[in-house]
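Inspection log for the structure reproduced underneath, given as structure tokens.
Only heavy atoms go into these numbers, but all of them, side chains included; no hydrogens, no water, no symmetry mates. We number each residue from 1, following the sequence as shown.
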Amino acid sequence: MTQRALGFFLVVFEFMVLLSLCSSEELLPKISPDTSPRPFLPFIAPSPMVPFINTTLPKLSGLCSLNFTASEGLIQTTSHNCWTVFAPLLANVMCCPQLDATLTILLGKASKETGLLALNRTQSKHCLLDLEKILVGKGASSQLRSICSLYSSNLTASSCPVIDVDEFESNVDTSKLLLACEKVDPVKECCEQACQNAIVDAATNITLKASEPLTDNSVRISDCKNVVHRWLATKLEPSQAKETLRGLANCKINRVCPLVFPDMRDISGNCSNGLSNQTGCCSAMESYVSHLQKQALITNLQALDCATSLGTKLQKLNITKNVFNVCQISLKDFSLQVGSQESGCLLPSLPSDAIFDQDSGISFTCDLNDNIAAPWPSSSSASLSPASNCEKPVRMPALPAAASSQPGLYNEGVTRFVIFVLSVVLVILLLS
């Protein structure tokens, strides 16, 4: 397949757009009721052309065995993907998967020295705090724990009974595991699941070493899968390990719509009775979708999942007419709008990273799929499980093995939006 032309458009988030995002509860960090609000202290913000970075070197605990210096590139990428203002918006697709991959690779590298694929509880607390300080010092959000549901226990063995490298290798068919996972095709893997199945087999084998059974063994298998990921990270080059881990994460990411669907009472009241009130129905639909799109930036395949989920929910409310078609709802309407309403930002379904430039700021790639109408679920497609990404009814760009050559399905252009962080004042508005 020929590579799509990349165009570069500079899109500056308007001040009022960011203020409107601030009002969205989904984007605000959770603050306990007893926390006193911090006062707003006016100061001179840096130039909008140069994003603010806290260049202060953090004071680390000195009690963490992880070698952060050796993984500088990974940590830098993580800080970009989890940039202060955009971390909540990119959490599901970029920030949290990259943070998880970085921790996995750090733990894998450490095992070469310690012989252990997990930290104890005390060390895990120090290491997580140290990594958090380093990331914040590089411009990442200070709310990563809540944004990514990250706990110090994520660095331990949790319920997995095997963390010793020698014991792991004596209980797992490591040749089979490496063969399946050393070269992962990010498109084929999500359908064929060769590496994922090998990881589950390895995790299942080491759960058998547990002396005490759990009521739900799936929890232990999940914990042991994390240990398997760390072992894989010891056998792959860091860049290859990152590519593999992000690819595996994306298979899971693209299976599910990450948006929260609020009450649909207004749509139900205006779109029922055979769509007798088309104007009222479309007004209700536009209002509802505009709320959805403020929640996050999502991938093109996630948008397809979200359209299917919303359409199915509407059908359960006895709305039988294709309101997506009537009201001209497209896939880009399910993701956060960047700039004008003509530029819907759907992130690629393949793993991607944000890029930082000292002069222009943070940028990330968007597919301009403005011409893809949101498909109204048929009785057969509505019955498909969310994991059926290999059977999607609409062919999407950024899927090299499945890209459609049919004209008119989508815009071929893939645009890189360069987003300027306007000032520290806006950062404080989002995080305070």
Side-chain angles (χ1 to χ4, degrees), residues 57-79 97-138 140 144-145 148 150-179 181-182 184 195 198-199 202-203 205-207 209-210 220 222-246 248-249:
L57 293 175
K59 183 177 180 181
L60 304 183
S61 67
L63 300 172
C64 175
S65 60
L66 300 182
N67 188 344
F68 297 116
T69 304
S71 299
E72 174 66 24
L74 280 170
I75 293 173
Q76 192 73 63
T77 299
T78 307
S79 69
Q98 176 62 26
L99 178 57
D100 184 62
T102 299
L103 280 169
T104 299
I105 294 169
L106 283 168
L107 290 165
K109 281 188 173 184
S111 72
K112 293 182 178 180
E113 302 293 331
T114 65
L116 300 176
L117 293 163
L119 303 179
N120 61 41
R121 291 183 180 181
T122 302
Q123 267 210 330
S124 66
K125 292 177 182 177
H126 292 302
C127 290
L128 185 57
L129 280 171
D130 284 352
L131 179 60
E132 195 173 27
K133 290 177 183 177
I134 293 171
L135 289 171
V136 170
K138 292 179 179 294
L144 289 183
R145 290 200 189 200
C148 297
L150 184 63
Y151 307 97
S152 60
S153 59
N154 295 127
L155 283 67
T156 68
S158 296
S159 65
C160 188
V162 176
I163 61 171
D164 181 85
V165 173
D166 293 335
E167 186 180 3
F168 178 94
E169 293 178 349
S170 66
N171 286 278
V172 170
D173 187 342
T174 54
S175 298
K176 175 185 173 183
L177 180 60
L178 270 179
L179 183 64
C181 296
E182 63 183 348
V184 172
C195 178
I199 289 171
N205 284 342
I206 57 179
T207 60
K209 304 295 292 183
R220 178 164 280 154
S222 178
D223 291 337
C224 286
K225 282 170 64 177
N226 293 333
V227 172
V228 177
H229 290 161
R230 296 167 196 170
W231 181 86
L232 278 172
T234 69
K235 300 301 179 182
L236 304 176
E237 290 297 319
S239 59
Q240 190 180 3
K242 178 212 162 186
E243 184 179 335
T244 296
L245 293 168
R246 288 289 304 276
L248 294 174

- Evaluate side-chain contact (heavy atoms from CB on, under 4.5 Å) for L150 paired with L103, printing each intermediate quantity in order. CA-CA 11 Å; L150 184 63; L103 280 169; 3.7 Å; yes

- Message: Evaluate L131 against I75 for side-chain contact (heavy atoms from CB on, under 4.5 Å), listing each step before the verdict.
- Response: CA-CA 9 Å; L131 179 60; I75 293 173; 4.2 Å; yes

- Message: Working note: T114 + L119, criterion side-chain contact (heavy atoms from CB on, under 4.5 Å); need CA distance, chi angles, decisive distance, verdict.
- Response: CA-CA 10 Å; T114 65; L119 303 179; over 6 Å; no

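Side-chain contact between R145 and L129: present, with at least one pair of heavy atoms (C-beta onward) separated by less than 4.5 Å. Contact of the L232 side chain with the I199 side chain is registered, since non-hydrogen atoms from C-beta on lie closer than 4.5 Å. Put simply, the side chain of K109 reaches to within 4.5 Å of the side chain of S71, judged on heavy atoms.
Residues T77 and Q98 have side chains that never bring a donor and an acceptor to within less than 3.5 angstrom of each other.
For the atom pair Q76 CD and L135 CG, the distance stands at 9.5 Å (nearest 0.5 Å). Note that the CZ atom of R220 and the OG1 atom of T207 stand 7.5 Å from one another [nearest 0.5 Å]. A distance of 13.5 Å separates NZ of K242 from OG1 of T104, quoted to the nearest 0.5 Å. One finds the CG atom of L177 at 7.0 Å from the SG atom of C195 (value rounded to the nearest 0.5 Å). Rounding to the nearest 0.5 angstrom, the gap separating the OG atom in S79 from the CG atom in L74 is 11.0 Å. Distance check, rounded to the nearest 0.5 Å: CG of L66 to SG of C127 gives 4.0 Å.
Formation of a donor-acceptor pair under 3.5 Å by the D130 side chain with backbone atoms of S61 is found in this model.
Shown here for P58 and K133, the closest heavy-atom pair between the two residues is CB-CB, 3.7 Å. Heavy atoms only, all atoms of each residue included: F68 and L60 are closest at CD1-CD1, 4.5 Å.
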Kindly list each side-chain donor-acceptor pair under 3.5 angstrom involving residues 153-165, sequence neighbours excluded, with atom names and distances?
residue	atom	partner	partner atom	Å
N154	OD1	Y151	N	2.6
T156	OG1	S153	O	2.7
T156	OG1	S158	N	3.2
S158	OG	S153	O	3.4
S159	OG	D223	OD2	2.5
D164	OD2	D166	N	3.0
D164	OD2	E167	N	2.9

Which donor-acceptor pairs under 3.5 Å do side chains of residues 233-241 form with protein atoms, sequence neighbours excluded?
residue	atom	partner	partner atom	Å
T234	OG1	W231	O	2.5
Q240	NE2	E182	O	2.2

